[in-house]
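As C-alpha cells, the structure follows; a few thoughts come after it.
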Amino acid sequence: MKRWILLLPLLPLLAGCLQDAASYSLGERDQAITLMRNKTWFWKDTVDVEVIIARMPDCNGGGSIKEVEQASAMTLYRAPDEYPEPLFLLKTSAGVYAVSAQSCRMQKFPEAPADLGQKLGAFKEVDGKFRFVEAGA
C-alpha cells in the first residue's frame with residue numbers, strides 16, 4: 001500500500017495525456033473515417049493521429065500522422081472527380097492526405113493539391129470534446 005503513496009506526486013505529470021476519437025460516417029452502416037488522437041507527454045502541443053478507414057467487411061485500414069498541432073482543426077473534403085477512385089482529402093497541420101474507403105489506404109500528398117474539393121467539415125475540439133463538425137453547422 002505504501003508504494004502507491006510514493007506514486008501520487010507523479011499523477012500531475014499524467015494529467016496532460018490524451019486519447020480520444022471522432023468519426024465521420026460514410027453514409028452506410030459500418031462505414032466511417034475515424035480519427036484517434038494520442039498525446040503521450042503533457043508538455044507537447046502536438047498529437048499523433050491514427051486514421052482508421054472502415055467499410056466493413058471489405059475494408060479496415062488506415063495510417064498514422066505524427067506531430068499534428070493539438071489545437072488545429074483537421075478538415076475533411078470530398079475530392080474532385082479527377083482522381084481514379086473516390087477519395088476524401090484530410091488537411092492537417094502536418095500536410096494533406098488522400099483517404100480511400102475503396103482501396104482502404106491513406107497516403108500523404110508531397111504538395112497540397114490546388115483543388116481540395118467539397119468541404120465536408122472538420123475534426124476539432126468543441127467544448128473540450130473532440131468531434132466531427134459538419135461544414136455549415
Side-chain angles (χ1 to χ4, degrees):
M1 181 70 175
K2 292 180 182 180
R3 291 182 200 173
W4 290 104
I5 293 173
L6 295 174
L7 295 176
L8 287 177
L10 297 176
L11 288 177
L13 296 177
L14 299 175
C17 297
L18 159 72
Q19 184 176 40
D20 56 12
S23 294
Y24 171 74
S25 174
L26 299 179
E28 294 188 33
R29 183 181 167 159
D30 298 331
Q31 296 188 19
I33 296 171
T34 301
L35 271 54
M36 181 178 291
R37 299 185 310 167
N38 295 297
K39 179 177 177 181
T40 310
W41 306 108
F42 73 92
W43 60 82
K44 294 183 86 173
D45 58 355
T46 60
V47 293
D48 293 337
V49 177
E50 294 296 322
V51 178
I52 302 159
I53 308 161
R55 185 178 45 80
M56 303 308 274
D58 301 320
C59 166
N60 189 16
S64 299
I65 306 172
K66 303 290 185 197
E67 304 291 321
V68 176
E69 293 175 14
Q70 181 178 343
S72 69
M74 293 173 269
T75 310
L76 187 66
Y77 299 84
R78 184 177 316 279
D81 293 335
E82 65 192 52
Y83 295 97
E85 64 181 273
L87 290 178
F88 295 91
L89 301 183
L90 180 64
K91 183 178 179 185
T92 74
S93 64
V96 177
Y97 296 80
V99 179
S100 171
Q102 182 174 324
S103 63
C104 207
R105 296 183 310 157
M106 182 184 88
Q107 182 176 343
K108 184 176 183 179
F109 281 95
E111 292 183 26
D115 183 8
L116 295 174
Q118 175 191 357
K119 183 177 178 180
L120 300 173
F123 294 91
K124 61 184 180 179
E125 284 189 34
V126 178
D127 298 326
K129 295 190 187 252
F130 186 56
R131 59 187 59 195
F132 182 79
V133 178
E134 291 188 29

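- Nearest heavy atom pair, residue G62 against residue I53, reads CA-CD1, 3.9 Å.
- Just one residue in the list K129, R131, R37 forms a salt bridge (charged side-chain N to carboxylate O under 4.0 Å, His left out) with D20, and that residue is R37.
- Both L120 and V99 sit in one connected hydrophobic cluster of ILVMFWY residues. Membership requires side-chain heavy atoms under 4.5 Å apart, directly or through other members.
- A donor-acceptor pair is defined here as one N or O able to donate and one able to accept, closer than 3.5 Å; such a pair exists between the side chain of S93 and the backbone of E69.
- V96 is listed as a side-chain neighbour of K91, based on a closest heavy-atom distance under 4.5 Å.
- Checked against side-chain contact (heavy atoms from CB on, under 4.5 Å), D48 has the following partners two or more places apart in sequence or in another chain: K66, E67.
- For the residue pair N38 and Q19, a side-chain donor N or O sits within less than 3.5 Å of a side-chain acceptor on the partner.
- With sequence neighbours excluded, the residues that form a side-chain hydrogen bond (donor to acceptor under 3.5 Å, both in side chains) with T34 are S23.
- Between L26 and A54, the shortest heavy-atom distance links the atoms CD1-O, 4.2 Å.
- For A22 against F123, the heavy-atom pair with the smallest separation is O-CE2, 3.6 Å.
- Side chain of R55 to main chain of A101: a donor-acceptor pair is present (N/O by atom type, distance under 3.5 Å, no hydrogens or angles).
- Between Y24 and F88, the angle of the ring planes goes over 60°, which puts this pair in the perpendicular group of the 30/60° scheme.
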(request) Please assess L89 against T75 for the test side-chain contact (heavy atoms from CB on, under 4.5 Å), listing each intermediate value before the final yes or no. (result) CA-CA 8 Å; L89 301 183; T75 310; over 6 Å; no
(request) Mind running side-chain contact (heavy atoms from CB on, under 4.5 Å) on L35 and L90 for me, showing each step along the way? (result) CA-CA 10 Å; L35 271 54; L90 180 64; 4.1 Å; yes
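- Residues V49 and T92 have side chains not in contact (no heavy-atom distance under 4.5 Å, counting atoms from C-beta outward).
- Around the CD atom of E111, the shell of radius 6.0 Å holds no more than 12 heavy atoms that belong to other residues, nucleotides or ligands.
- The number of heavy atoms from other shown groups lying within 6.0 Å of CG (D81) does not exceed 12.
- Looking only at distances, no side-chain donor or acceptor of K44 sits under 3.5 Å from a matching main-chain atom of K39.
- From L116, atom CG reaches atom CG of L76 across 10.5 Å, with rounding to the nearest 0.5 Å.
- Annotation: E85, atom CD; neighbour count of heavy atoms from other residues, nucleotides and ligands within 6.0 Å is above 12.
- A side chain to side chain contact (heavy atoms under 4.5 Å, CB included) with I65 is found for exactly one of M74, M106, E50, namely M106.
- By the criterion of side-chain heavy atoms lying less than 4.5 angstrom apart, applied directly or through intervening Ile, Leu, Val, Met, Phe, Trp or Tyr residues, V51 is grouped together with L18 in one hydrophobic cluster.
- Residue pairs satisfying the disulfide (SG to SG under 2.5 Å) criterion with at least one member in residues 30-123, sequence neighbours excluded, are listed as follows: C59-C104.
- Contact check for P113 versus Y83: side-chain heavy atoms found under the 4.5 Å cut-off.
- When all heavy atoms of Y97 and K108 are compared, the pair lying nearest together is CE2-CB, 3.4 Å.
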